[in-house]
Amino acid sequence: MTYLPTAEHDELRAVVREVATEQIAPRAAEIDAKAEFPWDLKELLARQDLLGTGFEERHGGTALDTIGQAIVAEEIARADATTSLIPIVQKLGALPITMAGSEEQKDRYIPRLASGEWLIAFALTEAAAGSDVSSNRMRARLDGDCYVLNGSKRFITHGSVANVLTVFALTDPDVGGRKGMSAFIVETDTPGFAVARVEHKMGIRGSPTAELNFDDVRVPVENRLGAEGDGFHIAMDTLDRSRLSIAAQAVGIAQGAIDEATRYATDRRQFDQRVIDFQGIQFMLADMVSQTEAARQLTYAAAARVGANASDLAYWTSCAKLIAGDTAMRVTTDAVQVLGGYGYITEYPVERMMRDAKITQLYEGTQQIQRLIIARQILQRGGVGASQRTQEQPRP
Amino acid sequence: MKIVVTVKQVPATTAEKRYTADLRLDRASTESIVNPLDEYAIEQALRLQESGAVAEVAYLSMGPESAAEALRRALAMGGEEAYLVTDDALAGADEWATARVLAAALDKLAPDVALMGMASDDARGSLVPGAVAAIRGVPLLSYGSELSLGDGVARVRRLTATGFDIVEAPLPVVASVTDQVGEPRYASLKGIMAAKRKTLETWSLADLGLDADAIHGAALTRVVEARPPEAKPPTERIENLGADEAATKIADWLAARKLI
């Protein structure tokens, strides 16, 4: 067991931080104000090979380890949470393919995702099926060599900018979502697909969250992921891993707020001394830093479990996302407090960071869902708490 | 066609600099980077390679063993191979000694163009390109805002106070470029991974057929004093005033210094 970052991790962090500080952070306020998807930064990330970190080298990816992938998300989120979602959602949308897809499906789609030529989105949530995934209603009816998809999806991150989606729909509605749902790869230029609207949001405003309509969308049978009825498990296996990225994003948001608060407290003078010289402010910053460090280390611990495909990885990623999301919310709120009135106005970035932080408590499973997952793990162990013995299992 | 870009490892621009007892920069105590002005030379070389005008880009540095990090960083941006001249006898080398070592290494590498940044971010002597050209007996094309190659000649566009000069010379040449050549690229992730597998060769003075005593004895300068820049006087702040009153105060301040 190692608790020290490797030289490669340090180098990776420095490289991503340089790009994020010089090119991404200066764009963050405008992206937020205009609520526009940052196509320029998507190109930048593609050019720097930062959209393919989770993909194998034979598909054009860089195959970073899971801690490295978390560092990339964290360092981009430190500058701008919206932009960090570009690599995060690229991974989220592709996970069903990399985990459950055939070699042919991987060869067809992953290279274009790794290069950033195409964007992908993960279309699971519906208006009436949020936390309760199994109550999904979208239908997929087999008709010859195609499935015909009908229904709509809601709150789909990047749904309006993606070239391809992984979509979950009922192939056997009689047995319900758990056993009757299947997963499909759907290209968004397929007739019958339409973006119904893009939501107006509190935070991550440059990352479009879309409602998607499917009206007799014909999807070739060869685009089904896994077997009929595998959809629910593919979705859960995906989320068990992808919420690690959200934990990393939350850590990055918190660190960004700490850095802004520290800089401001060092520059700002009141009562003839620097604000940071007041012990009350020092204690706040020390709490913010130590809580964020705890969240970061838990995130890396979870990342190591995902990398090892450990049997208890869902427990670890839920713990990490729960702690990191709550930490991001608390730390960004405190950063606004450190800046006082200046923290509340758009001239400084911490109010944006506070709005961005809130989403990390909501998406890829609310904090309450994380607690349910953690509690179920405790119950499965007969009431015994965390196991520190991690066993690798065969990849799904 | 082959370009060798010289690369110097320097302390980070914003890092606090310390000196050793014998008035040398204490490189161990500071974070080091690729000389930012050399990054423009690297960018120029890689653009020429991408345009097909140059087949091979290599890097050359003289410095402590840690300067290999700067060469790896350059290799992450692009190019094929790198050479580091490192030797205990070189500590404290001045511009002339540096130029002699680089010239000897360039004789061995025999590039069509030895390309340099316009200055180093630490010493800012700007003497090395001219000295290397003189020692090697090849033309110097200095301070180019753009370098182009063709028909056995190298050409730089050099900005002047009234316009620009186009200066050309037959190959081989030594050239230096300014920060006008275009923004240096960031190293991509694949570039960083690939750089670890590229050739990085280390040479001693003996490998270059140079005599340590002769090089060190050749230093033409001696540092007699080194001190940090004087602290700036405290900033005068004019705060919490109406616009008229503030403007008057600022105008008075400037007038008192005969600035308006």
Side-chain angles (χ1 to χ4, degrees), chain A residues 6-26 40-41 43-65 68-69 71-73 75-76 79 86-87 90-91 111 114-116 263 267-272 274, chain B residues 9-16 30-40 42-43 46-47 49-50 65-79 82 121 179 182-198 200 232 234-241:
Chain A
T6 65
E8 282 77 20
H9 289 144
D10 286 344
E11 183 186 19
L12 176 69
R13 184 187 300 280
V15 166
V16 180
R17 180 171 292 194
E18 184 182 13
V19 174
T21 304
E22 293 177 5
Q23 302 293 327
I24 297 173
D40 57 329
L41 297 181
E43 289 304 320
L44 173 73
L45 295 174
R47 204 160 56 236
Q48 298 308 120
D49 306 317
L50 293 172
L51 296 184
T53 60
F55 303 121
E56 292 176 49
E57 290 185 55
R58 70 190 170 100
H59 288 133
T62 49
L64 291 185
D65 66 5
Q69 293 174 46
I71 289 171
V72 171
E75 287 299 325
I76 300 173
I86 302 175
Q90 202 76 336
K91 175 88 188 287
S115 69
R263 190 178 308 137
D267 289 346
R268 171 82 167 168
R269 297 183 70 85
Q270 291 287 276
F271 303 103
D272 288 330
R274 297 182 308 171
Chain B
Q9 187 185 44
V10 298
T13 314
T14 52
E16 192 185 336
T30 52
E31 184 198 343
S32 295
I33 58 171
V34 174
N35 173 32
L37 290 163
D38 289 346
E39 289 188 350
Y40 294 98
I42 297 169
E43 179 64 30
L46 296 176
R47 285 184 190 193
Q49 189 177 40
E50 283 159 357
E65 278 176 27
S66 67
E69 291 166 24
L71 288 171
R72 286 274 177 228
R73 197 64 198 266
L75 287 169
M77 291 170 75
D121 201 43
D179 58 2
E183 277 306 300
R185 66 199 61 196
Y186 292 99
S188 71
L189 212 47
K190 284 183 189 170
I192 291 164
M193 291 169 159
K196 294 185 202 303
R197 297 189 289 268
K198 291 180 183 172
L200 199 165
K232 284 186 199 159
T235 309
E236 286 181 47
R237 287 171 181 262
I238 297 171
E239 285 179 308
N240 303 325
L241 294 179

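These numbers come from the heavy atoms of this one structure, side chains and all, not from hydrogens, waters or symmetry mates. Quantities reported herein were computed from a predicted structural model and do not represent experimental measurements. Each chain gets a letter, A, B and so on, in the order the sequences are listed, and its residues count up from 1.
Residue-environment remark: CD (B/E31) stays at or below the threshold of 12 foreign heavy atoms within 6.0 Å.
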Run the side-chain contact (heavy atoms from CB on, under 4.5 Å) check on A/L12 and B/L189 step by step: do they pass? CA-CA 8 Å; A/L12 176 69; B/L189 212 47; 3.3 Å; yes

For side-chain contact (heavy atoms from CB on, under 4.5 Å), just list the numbers for A/V15 and B/R73, CA-CA rounded to whole Å, side-chain angles, deciding distance to a tenth of an Å, and then say yes or no. CA-CA 10 Å; A/V15 166; B/R73 197 64 198 266; 4.2 Å; yes

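Here A/E22 is the residue among A/E22, A/R47, A/E8 with the most heavy-atom pairs under 4.5 Å with chain B.
A/E11 has no carboxylate O lying under 4.0 Å from a charged side-chain N of B/R72, or vice versa, which leaves the two without a salt bridge.
Among all heavy-atom pairs drawn from A/D49 and B/S188, the shortest one is OD2-OG, 2.9 Å.
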